[in-house]
Amino acid sequence: MQPGYGAPRMILPDKTMAIEEAVARIGNGATVMVGGFGVPGTPFTLIRELVRQGQKDLTVIKNDANEKHLGIDHLLANGQVTRLITTHIGLNPRAIELMNAGRIEVEFCAQGILAERVRAGGAGLKGFLTDIGMDTDLARNKPAFELNGEQALLETALRADVALIHANRADVFGNLDFTATARNFNPLMAMAADLVIVEAETLLPLGGLRPDEVHTPGPFVDCVVQLQELTAEYDVVQR
Amino acid sequence: MQPGYGAPRMILPDKTMAIEEAVARIGNGATVMVGGFGVPGTPFTLIRELVRQGQKDLTVIKNDANEKHLGIDHLLANGQVTRLITTHIGLNPRAIELMNAGRIEVEFCAQGILAERVRAGGAGLKGFLTDIGMDTDLARNKPAFELNGEQALLETALRADVALIHANRADVFGNLDFTATARNFNPLMAMAADLVIVEAETLLPLGGLRPDEVHTPGPFVDCVVQLQELTAEYDVVQR
Amino acid sequence: MSNAKARMIARAAREITPGMVVNLGIGLPTRVVDHLPAGYPVCLHTENGLSGIGPTLPPESADRNLIDAGGAYVSTIPGSAFFDSAVSFALVRSGRLDLTMLGAFEVSAAGDLANWKIPGRFSPGAGGGIELAQKARRVVVLTTHTDRDGKPKLLCECTLPLTARHCVDRIFTDLAVIDVTPEGFALRELADGASIDSVLDATGAPLALPEGRIPVF
Amino acid sequence: MSNAKARMIARAAREITPGMVVNLGIGLPTRVVDHLPAGYPVCLHTENGLSGIGPTLPPESADRNLIDAGGAYVSTIPGSAFFDSAVSFALVRSGRLDLTMLGAFEVSAAGDLANWKIPGRFSPGAGGGIELAQKARRVVVLTTHTDRDGKPKLLCECTLPLTARHCVDRIFTDLAVIDVTPEGFALRELADGASIDSVLDATGAPLALPEGRIPVF
């Protein structure tokens with residue numbers, strides 16, 4: 001049988017929508033992954049809309065807690081977060097206070113292990129074995145295995161109900177690219193949630209991104225929201 | 001303390017070398033990962049040099065065994081391979097014959113599991129848990145675990161002594177990009193070996209690749225070889 | 001191609017609903033796409049690293065670096081993306097593949113699939129088939145109803161090594177459309193010219209028949 | 001910065017040999033790079049996703065999307081590459097990071113490092129520090145020899161929660177260069193103006209002294 005040369009050309013579906021509609025799909029009690037490392041790559045506008053809509057009892061998975069009055073700090077200040085899975089919250093005194101007061105539960109991961117747990121979720125794996133953190137407090141309560149005579153810890157995969165992603169460019173199908181160190185956790189989280197919502201600085205028609213320069217392939221993405229403006233939160237931090 | 005604005009600018013080392021010198025670093029008995037899925041991404045020129053130098057008792061890790069008279073088939077024909085870790089060798093009757101005659105040992109993996117095992121090696125992990133292949137022959141001899149009430153198999157990470165990589169473009173530091181479906185296993189294997197040797201269709205000076213378009217960062221790469229010509233093996237296969 | 005096979009493929013094409021991400025296995029399944037109208041909103045995935053497959057090309061106009069998992073030279077469409085093999089199977093395993101269409105040696109009444117290995121005769125490796133069968137949200141099989149010797153491929157239990165257990169949702173054959181239900185095989189549609197008796201004869205397991213008129217494809 | 005700290009940093013810079021891939025922890029270590037000559041062949045890595053760090057920039061010329069792991073605005077150089085957090089730590093864990101320079105609360109004679117947590121007082125999370133300490137091929141610590149209360153930071157055993165066990169190879173302080181050997185701490189060099197006795201007094205564990213003249217930095 002010969003291949004069907006010149007078979008019909010398909011078209012890829014359009015996933016653009018209004019930010020209100022996309023964020024309204026998030027329910028109370030949702031687990032929400034949020035991209036970003038410091039300011040770069042944090043989806044500030046999606047976070048603001050989540051604050052406005054006010055969903056409660058959220059578990060947030062994010063590298064850091066931003067700084068006070070920035071990013072997910074608004075979710076913390078608004079009492080929307082009950083649990084935070086993170087690597088370092090030292091730049092946000094509010095997060096530290098809430099943790100110390102027992103008002104949010106915080107689970108710390110080694111940074112690369114958080115990245116791998118999210119990636120494992122996105123890759124449809126159940127977990128992985130590593131010796132990272134073996135001799136630290138972070139090993140507590142983690143099952144240990146012996147593998148080829150060496151000890152290893154089991155780290156479980158992380159998936160979320162929702163991922164909030166900041167992209168540099170997106171096409172309408174949800175192919176994404178990221179810029180500079182704004183990439184960080186974004187492409188990993190964009191694979192690891194049942195509902196992936198992207199805010200894009202630039203929205204392109206199909207074909208606007210070359211297939212070789214795509215960082216996150218469109219099939220992983222559910223909703224694409226074009227940013228109407230880059231608010232002050234995206235700016236260089238003046239210290 | 002203030003950051004040191006205008007600290008001196010570093011330069012990245014040059015890793016280009018002659019193909020004979022790069023391949024001569026491979027020893028007898030080495031485990032060698034080879035990029036490619038079918039023709040695209042197979043480092044035909046590096047393989048040819050390995051055939052010329054004649055290193056023996058190699059364990060080869062590659063998605064497929066190419067077709068007869070192409071790619072790693074030359075290593076098989078030359079009796080240099082004792083073991084093959086692969087996903088599908090159906091297009092190479094010689095590989096099937098050698099396997100059936102017991103002259104090479106073949107370990108089959110599900111394709112995405114081979115990719116993940118290589119990636120796990122490149123990510124410095126020891127292994128991962130998955131339910132893929134649970135009810136198949138491939139599950140034989142693999143330890144099973146129970147995780148949250150579900151069964152999972154342990155898949156161990158794969159690393160190699162050497163990875164042979166075909167890149168589209170490389171800069172002299174070893175930043176790489178790949179083109180179209182020639183990407184496949186190349187960026188994964190380029191992270192998972194102690195000695196990573198790259199053949200590049202185009203060699204660029206530092207700065208020739210934009211930092212956002214790099215598929216494999218230079219720190220993973222040891223040797224960059226510029227291809228002098230694209231031999232017939234790289235061509236479209238006429239069937 | 002026989003008329004019956006062509007009708008089977010055309011019928012299978014209707015399984016693809018707008019917006020799906022679909023992987024078509026090597027062989028008959030790849031032909032399904034020929035029966036979709038141009039401009040249909042669907043994303044075809046191939047496990048060697050491409051979403052958004054465009055038309056297949058003859059050698060003279062092919063790109064040497066652009067093939068599908070079956071080795072056919074394909075093309076891109078606006079919005080295509082290339083990725084590595086790990087990302088490609090991440091997509092499959094994490095539930096982003098809505099549908100796969102696969103070939104089969106045997107399918108059991110419980111939806112077990114055997115399509116990669118015949119001990120002592122054929123064992124080239126499973127390639128990406130295990131993950132497609134095990135993890136696509138919906139798995140449909142395209143196969144002749146019987147093998148070359150006329151023996152049923154739909155059985156109570158598979159005799160060959162499995163690709164995946166409990167994975168097949170629906171089977172398209174040259175004789176019928178059959179669903180795998182919690183109670184076993186259930187006839188849904190008949191091929192034009194096929195009788196219920198011919199289907200029962202060619203099926204190696206109990207087959208539930210629908211009430212009323214059976215649709216013909 | 002005190003003269004002694006500046007000398008310590010300048011001395012630590014000599015630890016970086018040509019061709020290395022190096023990650024410099026937040027604080028004192030980031031200043032080490034100021035002491036390398038322009039055009040020195042070294043690749044600086046930051047765990048938030050950049051290899052080939054260029055000069056730090058003041059806010060008015062900064063790129064809002066380009067920071068290092070400490071939040072400083074940095075730049076690229078020809079040959080820089082950006083990558084995601086998984087790739088970044090893959091590089092660290094798989095042995096591609098030749099050297100890291102870290103701060104310390106405590107270092108034990110066995111090379112254990114504590115630098116991330118003071119129970120009840122300071123526990124912001126470990127960030128990337130655990131993987132850097134555990135997996136860089138060579139781990140050196142830059143620290144004052146004693147804490148603000150004058151208490152030794154080099155101890156027989158760490159009292160604070162560990163970052164990683166048996167990881168530290170060498171310690172640069174304002175008083176000395178000290179190696180961690182299988183037999184414990186060994187003095188290698190003295191800071192200009194520091195005496196052997198002052199180092200012994202400030203060290204909370206046995207310290208092997210070299211034979212012959214001790215180099216001064």
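Letters A, B, ... mirror the listed sequences (proteins, then strands); counts begin at 1.
- Residue C:A133: no heavy atom, backbone or side chain, is found under 4.5 Å from chain B.
- In this structure, the side chains of C:S85 and B:L188 come closer than 4.5 Å at one or more pairs of heavy atoms.
- Closest approach of C:N48 to B:N184, counting heavy atoms only: O-CB, 4.1 Å.
- Counting only heavy atoms from C-beta outward, the side chains of C:K117 and B:T136 never approach each other to under 4.5 Å.
- For chain C, the nearby parts of B:Y234 are the backbone and the side chain; heavy atoms of each come within less than 4.5 Å.
- Side-chain atoms of C:Q134 and B:D135, non-hydrogen and from C-beta on, never get closer than 4.5 Å to each other.
- Remark: B:M191 CE to C:D84 CG distance equals 9.5 Å, nearest 0.5 Å.
- Using a 4.5 Å cut-off between heavy atoms, B:E107 makes no contact with chain C at all.
- To the nearest 0.5 angstrom, B:N100 atom CG is 6.0 Å from C:S123 atom OG.
- Contact between C:P59 and B:Q238 at its shortest, heavy atoms only, is CB-OE1, 3.5 Å.
- Looking only at distances, a side-chain donor or acceptor of B:T181 sits under 3.5 Å from a matching main-chain atom of C:I67.
- Within the 4.5 Å cutoff, the side chain of B:P40 has no heavy atoms near those of the C:L66 side chain.
- A salt bridge links B:D131 with C:K135: the closest approach of a Lys/Arg side-chain nitrogen to an acidic carboxylate oxygen falls below 4.0 angstrom.
- Here the CG-CZ distance, from C:N65 to B:R183, works out to 12.0 Å after rounding to the nearest 0.5 Å.
- At least one side-chain heavy atom of C:Y73 sits under 4.5 Å from a side-chain heavy atom of B:V237.
- Smallest separation of non-hydrogen atoms from B:A110 and C:E131: CB-OE1, 3.6 Å.
- Contact of B:I113 with chain C is made through backbone and side chain together, with heavy-atom distances under 4.5 Å.
- Contacts between B:I89 and chain C at a heavy-atom distance below 4.5 Å involve backbone atoms as well as side-chain atoms.
- When heavy atoms are compared at a cutoff of 4.5 Å, C:E47 approaches chain B by way of both its backbone and its side chain.
- How far CZ of C:F89 is from CD of B:E116: 10.5 Å, rounded to the nearest 0.5 Å.
- B:L138 contributes atom CG, which lies 9.5 Å from atom OG1 of C:T163 (distance to the nearest 0.5 angstrom).
- Few gaps surround NZ on B:K142; more than 12 heavy atoms of other groups in view lie less than 6.0 Å from it.
- No other option in C:G49, C:G129, C:G128 has as many heavy-atom pairs under 4.5 Å with chain B as C:G128.
- From C:T46, atom OG1 reaches atom CZ of B:F37 across 6.5 Å, with rounding to the nearest 0.5 Å.
- The 12-atom threshold is not exceeded at CG of B:N141, counting heavy atoms of other residues, nucleotides or ligands nearer than 6.0 Å.
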